[in-house]
Peer 1: 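One structure, pasted below without further comment.
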Number of protein chains: 2
Amino acid sequence: MNKLFKALNDPTRREILEMLKEKDLTAGEIADRFHISKPSISHHLDLLRQAGLVVSVKEGQFISYSLNTTVMDEMLQWILQFTNNNKSS
Amino acid sequence: MNKLFKALNDPTRREILEMLKEKDLTAGEIADRFHISKPSISHHLDLLRQAGLVVSVKEGQFISYSLNTTVMDEMLQWILQFTNNNKSS
DNA sequence: AAAGTATTTAGATATTTATCTAAATATTAA
DNA sequence: TTAATATTTAGATAAATATCTAAATACTTT
């Protein structure tokens, strides 16, 4: 839970997630869309992976990143405890 | 949105929100439940207030804090864009 | 095997953040 | 009005984080 909130507490990382929502991308493709060095993006991807928000698969020379939405559910539940959406009737 | 994620990226602050879910509390009552100094708790409350997650009302000598759930909706929507819960049928 | 490409790891640095103590402000009670 | 209580503000410090460049690793192509 901690790692999840930590991972989401950065605009670059949230933007990466939104990109991956559209389609899977390689580390390089992601880096190319930011004015940030590749090592920095690599680090962001690592944090997203640690939080379980993305999954990486090696495809030859490339590493493809894709979204893992199941982890979002945990967060969804946490938020719903505060909202009225969880009231019966 | 940035302030919202920032505010939630701290276990103490998340715990404060869970306390306020049960009932409104004064700054002192909140501080008493942690082994953290009052100024530090005051600072956490300030960040929560900046994010719109809590509202404070002065009641004489005390300041009462209460949850503001409406802000959570914004976050809920952000998360739902990734989940399958928003698919039609 | 050597060169090129993709990505990560290592190490450094500047900024942000959580925390503390001391002091300031504001309200209540004596 | 003085003392006590509640909370915040100010200023300092240690730890965490985002970023960079340089180097290492791993795969592919020639």
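Here is the naming used below: chain letters follow the sequence lines, and residue numbers restart at 1 for every chain.
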Peer 1: Is there a residue in residues 42-53 of chain B whose heavy atoms reach under 4.0 Å of DNA chain D, and which residues are they?
Peer 2: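 Here the set is B/Ser42.
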
Peer 1: Tell me, with the steps shown, if A/Thr26 and A/Ile30 meet side-chain contact (heavy atoms from CB on, under 4.5 Å).
Peer 2: CA-CA 6 Å; A/Thr26 67; A/Ile30 294 167; over 6 Å; no

Peer 1: Starting from P on C/dC20, measure out to NZ on B/Lys38 and report it in whole angstrom.
Peer 2: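 Interatomic distance, NZ of B/Lys38 to P of C/dC20: 12 Å.
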
Peer 1: Assess whether side-chain contact (heavy atoms from CB on, under 4.5 Å) is satisfied between A/Phe5 and B/Arg13, documenting all intermediate values.
Peer 2: CA-CA 12 Å; A/Phe5 279 107; B/Arg13 290 195 288 271; over 6 Å; no

Peer 1: I need the minimum non-hydrogen distance between B/Asp32 and B/Lys38, along with the two atoms involved.
Peer 2: OD1-NZ, 3.7 Å

Peer 1: Dump the pairs, protein N or O against N or O of nucleotides 12-15 of chain D, anything under 3.5 Å, distances to one decimal.
Peer 2:
none

Peer 1: With a 4.5 Å limit on heavy-atom distance, are the side chains of B/Met72 and B/Leu17 in contact?
Peer 2: yes

Peer 1: Pairs under 3.5 angstrom only: tabulate donor-acceptor contacts from the side chains of residues 49-63 of chain A to other protein residues two or more places apart or in another chain.
Peer 2:
{"from": "A/Arg49", "atom 1": "NH2", "to": "A/Asp46", "atom 2": "OD1", "distance (Å)": "2.4"}
{"from": "A/Gln50", "atom 1": "OE1", "to": "A/Lys3", "atom 2": "NZ", "distance (Å)": "3.3"}
{"from": "A/Gln50", "atom 1": "NE2", "to": "A/Asp46", "atom 2": "OD2", "distance (Å)": "3.2"}

Peer 1: What is the distance, rounded to the nearest whole Å, between atom CD1 of A/Ile36 and atom C1' of D/dT21?
Peer 2: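 Nearest whole value for this atom pair: 15 Å.
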
Peer 1: Do B/Leu76 and A/Leu80 come close enough that some side-chain heavy atom pair is under 4.5 Å?
Peer 2: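 Side-chain contact under 4.5 Å: yes.
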
Peer 1: Tell me what B/Phe34 touches on the nucleic acid: a base, only sugar-phosphate, or nothing, going by heavy atoms under 4.0 Å.
Peer 2: nothing

Peer 1: Is there a side-chain polar atom (N or O) of A/Ser40 under 4.0 Å from OP1 or OP2 of D/dC20?
Peer 2: yes

Peer 1: Answer yes or no: is there a side-chain heavy-atom contact under 4.5 Å between B/Met75 and B/Leu8?
Peer 2: yes

Peer 1: Apply side-chain contact (heavy atoms from CB on, under 4.5 Å) to the pair A/Lys23 and A/Leu25, showing each step before the final yes or no.
Peer 2: CA-CA 6 Å; A/Lys23 71 185 182 83; A/Leu25 295 168; 3.8 Å; yes

Peer 1: If you take all heavy atoms of B/Asn68 and B/Thr70, which pair is closest and at what distance?
Peer 2: OD1-OG1, 2.9 Å

Peer 1: List the atom of A/Arg33, the atom of A/Glu29, and the distance in Å for their closest heavy-atom pair.
Peer 2: CG-O, 3.3 Å

Peer 1: Determine which pairs satisfy ring pair (Phe, Tyr, Trp, His ring centres under 6.0 Å) with at least one residue from residues 9-56 of chain B, sequence neighbours left out, and list them in order.
Peer 2: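 Applying ring pair (Phe, Tyr, Trp, His ring centres under 6.0 Å) to every pair that reaches into residues 9-56 of chain B, excluding sequence neighbours, yields nothing.
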
Peer 1: Can you check the A/Asn2 CG to C/dA18 P distance for me, whole Å?
Peer 2: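 So the CG-P distance, A/Asn2 to C/dA18, works out to 11 Å.
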
Peer 1: A/Ile41 has an atom CD1; how far is it from atom P of C/dT7, in whole Å?
Peer 2: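 Rounded to whole Å, this separation is 12 Å.
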
Peer 1: Stepwise, does the side-chain contact (heavy atoms from CB on, under 4.5 Å) test hold for A/Leu20 with A/Tyr65?
Peer 2: CA-CA 8 Å; A/Leu20 293 178; A/Tyr65 282 86; 4.2 Å; yes

Peer 1: If the cut-off is 4.0 Å, is A/Tyr65 near the phosphate of C/dA6, judged by side-chain N/O to OP1 or OP2?
Peer 2: no

Peer 1: Looking only at heavy atoms, which two atoms of A/Leu4 and A/Glu74 are closest? And how far apart?
Peer 2: CD2-OE1, 4.4 Å

Peer 1: Please tabulate, one pair per line, each protein N/O and nucleotide N/O from nucleotides 27-30 of chain C that are separated by under 3.5 Å, including the distance.
Peer 2:
{"from": "C/dT27", "atom 1": "O3'", "to": "B/Gln61", "atom 2": "N", "distance (Å)": "3.3"}
{"from": "C/dT27", "atom 1": "O2", "to": "B/Gln61", "atom 2": "NE2", "distance (Å)": "3.4"}

Peer 1: Using a strict heavy-atom distance below 4.0 Å, which residues from residues 6-32 of chain B are in contact with DNA chain D?
Peer 2: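 B/Thr26, B/Ala27, B/Gly28 - these, ordered by number, are the residues of the stretch whose heavy atoms sit under 4.0 Å from the strand.
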
